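All of these numbers come straight from a predicted model, not from anything done at the bench.
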Amino acid sequence: MRIRRHWRVIIGWGSLLGVMAVLGYWLVDDATGEERRLRRLVEAERRSRPVIPVNTDEKGGAATTLDDLRLRFGGNTAPKNAVAIPEVSLPEPEFDSESALAVEIEFEIRHRWIAGSLDRAGQEVPAYLAAVGIVAGTSHLAKLRDHYELDIPLTKLQLVRLVRLLAAAGYEFRSWQPPYPDNCFFLGRAAAPVRYQAVFE
């Protein structure tokens with residue numbers, strides 16, 4: 001009888017541990033599944049947008065790097081509607097950082113910028129998007145009565161570079177949500193997807 005009772009206890013604890021293991025696996029798998037779902041949504045939105053180059057080179061290719069844009073549109077040879085890409089005097093952002101100053105960039109970011117002129121924002125923002133590697137389409141930036149609205153999927157690294165460019169160009173940052181223009185250290189991966197919504201006034 002004692003032996004049977006002993007085995008009943010062992011089997012009971014084994015069953016309980018088995019149920020807990022299955023539940024733990026389900027919770028972890030559900031979390032990773034949600035991340036995969038968000039990535040698929042961002043990728044689907046990116047693919048659905050029209051590809052319209054902001055600036056092009058002599059062969060019609062999109063100019064998408066800072067140096068590329070500076071070379072093409074710098075100096076006296078720049079076209080009338082050229083946008084000067086400002087220099088950013090901050091070190092390259094560090095992701096997966098263990099620094100105590102590292103900040104978290106959430107999946108959805110909302111920022112407010114003071115441009116001072118709607119015409120300025122409408123001309124410059126698409127060029128800054130191209131400078132950080134985004135080939136902007138007309139659906140990215142919408143002009144309303146007294147402001148522009150930007151709604152775009154990008155990576156955390158692209159977002160940090162865009163925020164720095166805007167601040168370096170003289171746009172006034174009016175938001176509480178990081179990344180801030182002077183942030184250098186970040187949690188998570190540089191390639192993680194982000195939905196960026198911004199208002200330019």
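Looking only at side-chain heavy atoms (C-beta outward), Leu129 and Leu141 stay at 4.5 Å or farther from each other. When side chains are defined from C-beta on, Pro179 counts as touching Leu159, because their heavy atoms get closer than 4.5 Å.
Sorted by first and then second residue, the side chain to side chain donor-acceptor pair (under 3.5 Å) pairs with a member in residues 176-188 read Glu106-Gln177; sequence neighbours excluded. The list of salt bridge (Lys or Arg N to Asp or Glu O under 4.0 Å) pairs with a residue in residues 122-135, not counting sequence neighbours, reads Arg120-Glu124. Residue pairs meeting the ring pair (Phe, Tyr, Trp, His ring centres under 6.0 Å) criterion with at least one member in residues 149-172: none, sequence neighbours excluded. Residue pairs satisfying the salt bridge (Lys or Arg N to Asp or Glu O under 4.0 Å) criterion with at least one member in residues 154-163, sequence neighbours excluded, are listed as follows: Glu92-Arg161, Glu104-Lys156.
Phe173 and Val88 fall within a single hydrophobic cluster, where Ile, Leu, Val, Met, Phe, Trp and Tyr are joined by side-chain heavy atoms under 4.5 Å apart, directly or via other members. Using a 4.5 Å cut-off between side-chain heavy atoms of Ile, Leu, Val, Met, Phe, Trp and Tyr, with links allowed through other members, Leu154 and Val199 fall into different hydrophobic clusters.
Under the salt bridge (charged side-chain N to carboxylate O under 4.0 Å, His left out) criterion, Glu149 pairs with no residue, sequence neighbours left out. In terms of the ring pair (Phe, Tyr, Trp, His ring centres under 6.0 Å) criterion, Tyr148 has no residue partners (sequence neighbours excluded). Take Glu201 and apply the salt bridge (charged side-chain N to carboxylate O under 4.0 Å, His left out) test, not counting sequence neighbours, and it matches Arg112. Residues meeting the side chain to side chain donor-acceptor pair (under 3.5 Å) test with Ser97, sequence neighbours left out: Glu94. By the side chain to side chain donor-acceptor pair (under 3.5 Å) test, Glu108 is found to be paired with Arg110, residues two or more places apart in sequence or in another chain being considered. Taking the side chain to side chain donor-acceptor pair (under 3.5 Å) definition, one finds that Tyr196 meets it with His111, Trp113, sequence neighbours left out.
Separating the CG atom in Asp96 from the CZ atom in Phe185 is a distance of 13.5 Å, to the nearest 0.5 Å. A distance of 10.5 Å separates CD1 of Ile114 from CZ of Phe200, quoted to the nearest 0.5 Å. Expressed to the nearest 0.5 Å, how far CG of Leu90 lies from SG of Cys184 amounts to 5.0 Å.
The nearest pair of heavy atoms linking Pro178 to Ile109 is O-CD1, 3.3 Å. Nearest heavy-atom pair across Pro93 and Leu157 is CG-CD1, 3.5 Å. In terms of heavy-atom proximity, Leu162 sits nearest to Val132 at N-CG1, 3.7 Å. Annotation for Leu165 and Ala131: closest pair CD1-CB, 3.9 Å, computed over non-hydrogen atoms. When every heavy atom of Phe107 is checked against every heavy atom of Pro193, the shortest pair comes out as CD1-O, 3.5 Å. When all heavy atoms of Ala121 and Ala115 are compared, the pair lying nearest together is CB-CB, 4.0 Å.
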